[in-house]
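Have a look at the structure below before the remarks.
Letters A, B, ... are given to chains in the order of the sequence lines, protein chains preceding strands, and every chain is numbered from 1. On a predicted model such as this, the values are computed, not experimentally measured, just so you know.
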Protein chains: 2
Amino acid sequence: MAEVTLKDVARASGCSVATVSRVLAGTRPVGAETARTVREAATRLGYRPNHVARALRRRATGTVGLVLPQITNPFFPALVRELEHALHAAGRALLLADCDDDPATEAARIAEFLDRQVDALVLIPVDERLSREAVAEAARRVPVVLLDRGCGPGVADSVAVDNAAGMALVLDHLAAAGRCRPWFVGAAGTTSTAAERRAAYEAGAAALDPQAPGRVELGDFSVAWGREAVDRIWPSRPDAIVCANDLIAVGALQRLRQLGADVPAEVAVTGFDDVPFAGLADPALTTVRQPVGELAAEAARLLGERSGDRAPGVGPSRTVRLTPELLVRASG
Amino acid sequence: MAEVTLKDVARASGCSVATVSRVLAGTRPVGAETARTVREAATRLGYRPNHVARALRRRATGTVGLVLPQITNPFFPALVRELEHALHAAGRALLLADCDDDPATEAARIAEFLDRQVDALVLIPVDERLSREAVAEAARRVPVVLLDRGCGPGVADSVAVDNAAGMALVLDHLAAAGRCRPWFVGAAGTTSTAAERRAAYEAGAAALDPQAPGRVELGDFSVAWGREAVDRIWPSRPDAIVCANDLIAVGALQRLRQLGADVPAEVAVTGFDDVPFAGLADPALTTVRQPVGELAAEAARLLGERSGDRAPGVGPSRTVRLTPELLVRASG
DNA sequence: GGCCTTTCGGAGAACGATTTCCCACGCTCT
DNA sequence: AGAGCGTGGGAAATCGTTCTCCGAAAGGCC
């Protein structure tokens with residue numbers, strides 16, 4: 001009933017724990033007959049290796065910690081799901097921490113995971129600057145991959161979508177549709193995604209139409225801000241509203257509808273991320289789909305490559321950018 | 001640079017590892033002067049206890065596994081978040097597994113978590129019947145709490161919203177508004193929530209209006225099904241569509257809008273769960289808000305109470321039902 | 001036949017913390 | 001003064017694996 005240990009299997013099969021360990025782990029060739037006896041005894045007793053003891057000895061827990069800003073951000077669940085699958089496929093388990101969008105809590109959770117001897121960390125940093133110190137410290141101790149958001153150059157390996165390419169897809173699409181008075185509604189926050197999407201918009205919009213710089217309004221990544229931003233910019237009648245993410249875009253759509261604007265005839269609205277309800281909005285939101293599965297797989301792969309290393313900090317940090325895809329739906 | 005162990009602290013402070021352990025863990029009174037020296041050495045060296053070694057000796061990892069059907073189900077992220085917070089407050093870490101709505105995968109993940117020596121499990125079972133065996137087996141080995149969904153009587157402790165009460169709130173509200181030709185759009189699936197909400201609707205609707213039994217349409221918990229169900233039932237012009245969850249309700253709203261129906265003047269639509277985009281639908285969805293924070297806190301509390309026990313399976317299993325709240329919004 | 005090389009298996013030392021004994025010392029009580 | 005007791009501290013067992021030595025037996029080569 002209680003726990004069956006290697007010792008029990010050894011006793012039952014009449015050999016030493018060393019031999020049993022070798023048979024079950026396959027670390028060294030063992031005589032065919034002995035191996036059979038051992039395996040038979042192990043299955044008969046229902047032996048299950050104790051991961052804790054193994055972790056102590058091997059100095060590896062087979063565990064990866066994920067610290068993210070807010071699991072309730074609708075973009076993250078799919079990412080978590082894919083990451084969990086990718087890690088599971090590599091035989092590793094996922095410890096999850098939600099840090100409530102607070103850099104101090106984030107640092108504390110990272111430290112706790114390190115205390116728990118995670119083999120590696122996947123981090124979606126709360127803030128590009130405020131998270132940097134904690135991330136760098138963590139990267140000195142275990143392999144770290146930054147996911148979706150960056151944290152300054154050279155701090156750790158990083159996997160994210162190519163925000164510039166995504167924004168370019170949006171602008172090209174709008175240009176092809178003859179929209180020439182776009183407005184950007186973004187986030188003032190100091191996450192890398194906010195900054196990159198804004199910079200990409202400005203670069204692209206300037207190339208598109210040198211007359212219309214500065215048609216940019218910054219708030220945060222929320223539905224409420226999308227509504228408010230429309231109140232501010234609608235009087236100047238843009239023919240397209242490019243939003244930095246889908247939450248903003250959904251808010252914008254809501255308010256435009258309330259104001260009686262015709263989307264997309266009068267004004268196009270685009271989002272970014274393709275969160276689950278982007279396709280449910282009315283009209284369905286044109287947006288940039290992130291390759292979530294690939295992002296997660298890439299993060300797991302980078303982790304796997306680093307995990308052989310002795311010292312985690314060695315070698316240049318790698319940055320992977322994956323190309324997104326434009327989903328043209330009814331809103332533009 | 002490398003790992004500082006108890007032995008290092010012992011050497012630095014000139015006493016034995018036993019004493020250091022006692023000072024740091026506070027398990028036995030130690031001389032004031034010695035304690036000071038030890039503590040000073042520990043902080044000076046930056047000692048951090050090794051959780052793996054501790055877990056091996058104490059036979060407790062301080063870890064709780066959560067296995068859920070699909071993290072992408074929009075109701076779950078908030079629940080996960082609250083659960084993570086509650087467990088963290090109790091000093092425990094959360095291992096997450098997403099089983100893709102598949103009972104076989106679910107059983108496998110549960111077994112893997114047991115192999116990893118989790119102290120307890122929180123399970124959101126995929127299916128009331130098909131998950132039962134794996135859940136019962138797990139409950140024999142560690143404390144288990146079923147969250148949100150049940151798994152037959154007496155299998156394990158369980159925490160969920162009172163679905164019957166929630167449905168009663170909806171029906172009372174509709175009755176008060178004079179709606180007397182409701183229709184129910186539910187899920188045929190074999191989860192406890194699907195069955196309970198359907199049963200509660202039937203009980204309440206029969207009491208409300210004995211003329212209208214059987215006005216029930218069953219599919220699954222999805223937006224697509226909500227759309228399809230409306231196509232089937234709209235010809236008979238119900239004055240209310242009671243949906244078993246918000247996904248269905250959002251689909252129903254979409255299709256009703258496409259059909260030119262006036263919500264709520266012509267027909268009311270209600271949901272269940274209050275997922276994030278329920279308030280974003282147009283018109284905003286009247287729904288039943290689940291007390292997510294309390295559900296998670298209660299689950300953590302039950303786990304804490306069981307965790308003292310030697311044998312997990314002892315004692316009658318407890319079922320906690322929390323009362324939901326009706327959120328009246330524009331859709332009805 | 002002696003020597004060298006494989007091959008197979010066991011004994012036992014880690015891994016780092018907790019915890020059970022056990023001893024030494026100092027005090028009190030008779 | 002000797003017995004008894006409480007207190008502070010150390011030595012070592014323990015948790016369940018993995019892995020490094022070591023030794024024994026067997027086979028090949030000259």
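Distance, A/Lys7 NZ to D/dA13 C1': 11 Å, rounded to whole Å. If you take CZ of B/Arg11 and P of C/dA17, they are 12 Å apart, rounded to a whole angstrom. Per the geometry, CG belonging to B/Asp8 stands 11 Å off P belonging to C/dC15, to the nearest Å. A/Leu56 places its CG atom 13 Å from the C1' atom of C/dT18, with the value rounded to the nearest Å. As rounded to whole Å, 15 Å separates atom P of C/dA11 from atom CG of A/Leu6. With rounding to whole Å, B/Asp115 atom CG is found 14 Å from D/dT17 atom C1'. Rounded to whole Å, atom C1' of D/dG9 lies 14 Å from atom CD of B/Glu33.
In terms of modelled atom types and a separation under 3.5 Å, the side chain of B/Arg141 and the main chain of B/Ala120 share no donor-acceptor contact. A donor-acceptor pair under 3.5 Å is formed between the side chain of A/Asn73 and the backbone N or O of A/Phe75.
At a cut-off of 3.5 angstrom, counting only N and O atoms as typed in the model, there is a donor on one side and an acceptor on the other between the side-chain of B/Arg22 and the base of D/dG10. A donor-acceptor contact under 3.5 Å is formed by the side chain of A/Arg28 with the base of C/dG9. You won't find any donor-acceptor pair under 3.5 Å spanning the side chain of B/Arg58 and the base of C/dA17, going by distance alone. Residue side chain A/Arg57 reaches the base of D/dT18 through a donor-acceptor N/O pair under 3.5 Å, judged by distance alone.
Residue B/Thr19 places no side-chain N or O under 4.0 Å from the OP1 or OP2 atom of D/dG9. Remark: A/Ser16 is not in phosphate contact with C/dG9, judged by side-chain N or O atoms under 4.0 Å from OP1 or OP2. Between B/Thr34 and D/dG9 there is a side-chain N or O to OP1 or OP2 distance below 4.0 Å.
Side-chain atoms of A/Asn50 lie closest to D/dG16 of the nucleotides C/dA17, D/dG16, D/dA11. The side chain of B/Arg59 has D/dG16 as its nearest neighbour among D/dG16, D/dG10, D/dG9. Among D/dT17, D/dG9, C/dA11, the nucleotide with an atom closest to any side-chain atom of A/Arg54 is D/dT17.
Heavy atoms of B/Thr5 sit under 4.0 angstrom from primed sugar atoms or phosphate atoms, though from no base atom.
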A/Glu112 and A/Arg116: salt bridge (charged side-chain N to carboxylate O under 4.0 Å, His left out), yes or no, with the steps? CA-CA 6 Å; A/Glu112 285 162 29; A/Arg116 280 188 187 271; over 6 Å; no
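One finds the CG atom of A/Leu83 at 8.0 Å from the CD1 atom of A/Ile124 (value rounded to the nearest 0.5 Å).
Across the interface with DNA chain D, nearest-nucleotide mapping of B/Gly31 and B/Val17 shows B/Gly31 to be the residue nearer the 5′ end. Comparing A/Ala53 and B/Thr27 against DNA chain C, the residue whose closest nucleotide sits nearer the 5' end is A/Ala53.
Annotation: B/Arg318, atom CZ; neighbour count of heavy atoms from other residues, nucleotides and ligands within 6.0 Å is above 12.
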